[in-house]
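Proteins come first, then strands; the chains are lettered A, B, ... in the order of their sequence lines, and each starts at number 1. Since this is a predicted model, take the numbers as computed values, not measurements.
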Number of protein chains: 2
Amino acid sequence: MTGSQTVTEVDGERDATQLILQDIQSGVYAPGTWLKQIDLETRYGRGRNEIRRALDRLALKRVVEHVPNRGYHVYLSDGKQWDDIAEIRIMLETGIAGKVIANATLADISGLRDLANRFQGLLLSGTVLELYEANLAFHRAYVDLAGNAELHSVIAELRQRTSSAPVSQWHTRSRIEVSAAEHHEMVDAIAEKDELRLKTLIEQHIRQK
Amino acid sequence: MTGSQTVTEVDGERDATQLILQDIQSGVYAPGTWLKQIDLETRYGRGRNEIRRALDRLALKRVVEHVPNRGYHVYLSDGKQWDDIAEIRIMLETGIAGKVIANATLADISGLRDLANRFQGLLLSGTVLELYEANLAFHRAYVDLAGNAELHSVIAELRQRTSSAPVSQWHTRSRIEVSAAEHHEMVDAIAEKDELRLKTLIEQHIRQK
DNA sequence: GTTGACAAAATTGGTACCAATCCTATTTAC
DNA sequence: GTAAATAGGATTGGTACCAATTTTGTCAAC
């Protein structure tokens, strides 16, 4: 049974890569699942060619794995990989702490506060994917304050690598609550220009999530 | 004049992506050059399909830029981008300094020393590409000592992003000499377990290159 | 009942073709 | 003589088809 009706009314312009990625992140395709080209073709209403390109890109991003003459399947991330990537993120996000504090205007801080609030607001009503997006928006805004255009894409890529099963993270509500609180603490630290505290918070935040 | 004979006798198994990348890094294709599919097809003796996939991958890596219905051209890296990437590399390579020192066995240090020597040895006789590869091997070995499997690919990717014109870097011999000396100093610092000095050296090394 | 071989179906991956788009050179009007 | 318009050529990018490989299902032998 490969069937699955078209998921789209008007996905119109969006890239197939992101659609597939989003479905993987939403848990539609569990880790280990084989992604058959024909299925994807009908599901997203795209040509064979675009599907192949999308799968190749995802394979490059290590979201799926390619086995010649067998196809592509969702990557099964092990614990070690998660730890390694967390460590890299810590190095980068703490590394820019000083710059962020130096660059942050009052408007920036207020913007961050809004994003932290939005995440907190979704805590009760939001879906997992919405929470995921809100959390991502917060971290993205933080990283942007460093003024390093490249860093943005690097971190985004890192996130995608582990996000194979974001559902499996944040299983308990209490953990999400902690995350929401930490977001606010981070904003506080930025407002008070307390670099050391900010770094400590970030490390703690990334590790536990 | 689009002509250019096949560059290969037996490139047999190597991926077209890497062949093109290597040619860009060697300066065969200058920044800004349009990479026509037909030319690449004949030059590397590959099908249209593989060329397209390779170009798509390189576009994803930001080595080339894709303009719809126009084609792909070698990316022109501006100074800001170089600085941004250098900064990221500094954060990462200094960030692992402690772990590297902790993990490095005598054999590891000796291995690093060999690689530093090899770079130095190529200083007179080697081509630009050989120097580039030797330098890369040294840094790769250093990064590997951190025991973070993911970090490896992240840094490799970062390097590729700026390596559009490695020829333009290292224009003067004196700079290469300085780099070679710094490699040795880094090994010294690791051997003496002087983390602070190692970090200083790395920052200096990456920035000036 | 289990294991092995064989045939059929399904899936991938490559090749070739064709339409759409863009650049260039020539011609024409002013 | 210069500029706009037009025709021609070249390049990209998508679609369809076909071959190669693998998996699944069936049958026979032990």
Side-chain angles (χ1 to χ4, degrees), chain A residues 1-6 8 10-21 23-24 28-76, chain B residues 1-6 8 10-21 23-24 28-76:
Chain A
M1 66 186 77
T2 73
S4 56
Q5 71 262 10
T6 319
T8 145
V10 248
D11 286 337
E13 49 251 73
R14 290 200 64 184
D15 183 19
T17 310
Q18 293 198 316
L19 291 174
I20 298 174
L21 178 62
D23 275 344
I24 291 175
V28 176
Y29 302 116
T33 310
W34 286 96
L35 268 35
K36 296 181 202 160
Q37 295 181 2
I38 297 180
D39 292 353
L40 303 178
E41 214 170 318
T42 61
R43 173 167 233 263
Y44 303 105
R46 303 300 167 87
R48 167 75 54 105
N49 225 315
E50 188 172 344
I51 296 297
R52 274 197 245 182
R53 179 166 41 206
L55 286 173
D56 185 64
R57 287 184 181 176
L58 291 175
L60 219 62
K61 287 174 187 284
R62 304 267 214 94
V63 174
V64 302
E65 190 176 2
H66 174 63
V67 183
N69 291 322
R70 292 284 308 281
Y72 300 80
H73 65 85
V74 182
Y75 197 85
L76 307 100
Chain B
M1 68 185 72
T2 75
S4 56
Q5 71 263 11
T6 319
T8 147
V10 247
D11 286 335
E13 51 250 70
R14 292 201 64 186
D15 182 21
T17 310
Q18 293 199 318
L19 292 174
I20 298 175
L21 178 61
D23 275 345
I24 292 175
V28 176
Y29 302 116
T33 310
W34 287 95
L35 268 35
K36 296 181 203 159
Q37 295 181 359
I38 298 179
D39 293 353
L40 303 178
E41 215 170 315
T42 60
R43 173 168 233 262
Y44 303 105
R46 304 298 167 86
R48 167 76 54 106
N49 224 317
E50 189 172 344
I51 297 296
R52 275 197 248 185
R53 178 165 44 207
L55 286 173
D56 186 63
R57 287 184 182 177
L58 292 175
L60 217 63
K61 287 174 187 284
R62 305 268 213 92
V63 173
V64 301
E65 189 176 4
H66 174 64
V67 182
N69 290 321
R70 291 286 308 281
Y72 301 80
H73 66 84
V74 182
Y75 196 86
L76 307 101

With a non-hydrogen cut-off below 4.0 angstrom, is B:Leu35 in contact with a base, only sugar-phosphate, or nothing? sugar-phosphate
Between P on C:dT11 and CD1 on A:Ile51, what's the gap in Å once rounded to a whole number? 15 Å
Whole angstroms only, please: what is the CD1-P distance between A:Ile38 and C:dG13? 12 Å
Please determine if a side-chain N or O atom of A:His66 lies less than 4.0 Å away from the OP1 or OP2 oxygen of C:dT12. no
Using side-chain heavy atoms (C-beta onward) and a distance below 4.5 Å, is A:Tyr44 in contact with A:Asp23? yes
The helix from C:dG1-D:dC30 to C:dC30-D:dG1: angle between terminal helix axes, five bp per end, to the nearest 10 degrees, reads 10°
To the nearest angstrom, the CD-P distance between A:Glu50 and D:dA16 comes to 14 Å
In the structure I gave you, are the side-chain heavy atoms of A:Lys61 and A:Leu21 within less than 4.5 Å of one another anywhere? no
B:Arg53 side chain near C:dG14 phosphate (N/O to OP1/OP2, under 4.0 Å): yes
Side chain of B:Lys36 - closest among C:dT11, D:dT11, D:dT23: D:dT11
Taking side chain as C-beta onward, heavy atoms only, is B:Asp39 less than 4.5 Å from B:Trp34? no
How about B:Leu55 and B:Ile51: do any of their side-chain heavy atoms sit closer than 4.5 Å? yes
Checking side-chain contact (heavy atoms from CB on, under 4.5 Å) against B:Ile20, which of B:Leu58, B:Val64, B:Asp15, B:Val28 comes through? B:Leu58
Determine whether a donor-acceptor pair (one donor, one acceptor, N or O, separation below 3.5 Å) exists between the side chain of B:Arg52 and the base of D:dG14. yes
Using whole Å, report how far CZ of B:Arg46 lies from C1' of C:dA16. 19 Å
Most 5' of B:Gly71 and B:Asn49 on DNA chain D, judged by nearest nucleotide: B:Gly71
A side-chain contact here means heavy atoms from C-beta on lying under 4.5 Å apart; do A:Tyr29 and A:His73 qualify? no
To the nearest Å, give me how far apart CH2 (A:Trp34) and P (C:dT12) are. 9 Å
What's the CZ-C1' distance between A:Arg48 and C:dG13, to the nearest Å? 9 Å
Respond yes when some side-chain nitrogen or oxygen of A:Arg70 is under 4.0 Å from OP1 or OP2 of C:dT12, and no when none is. no
Between atom CG in A:Asn69 and atom C1' in D:dT21, what is the gap in whole Å? 5 Å
Measuring only between side-chain heavy atoms, which start at C-beta, is A:Glu50 closer than 4.5 Å to A:Thr17? no
Round to the nearest Å and state the distance from B:Asp39 atom CG to D:dT12 atom P. 8 Å
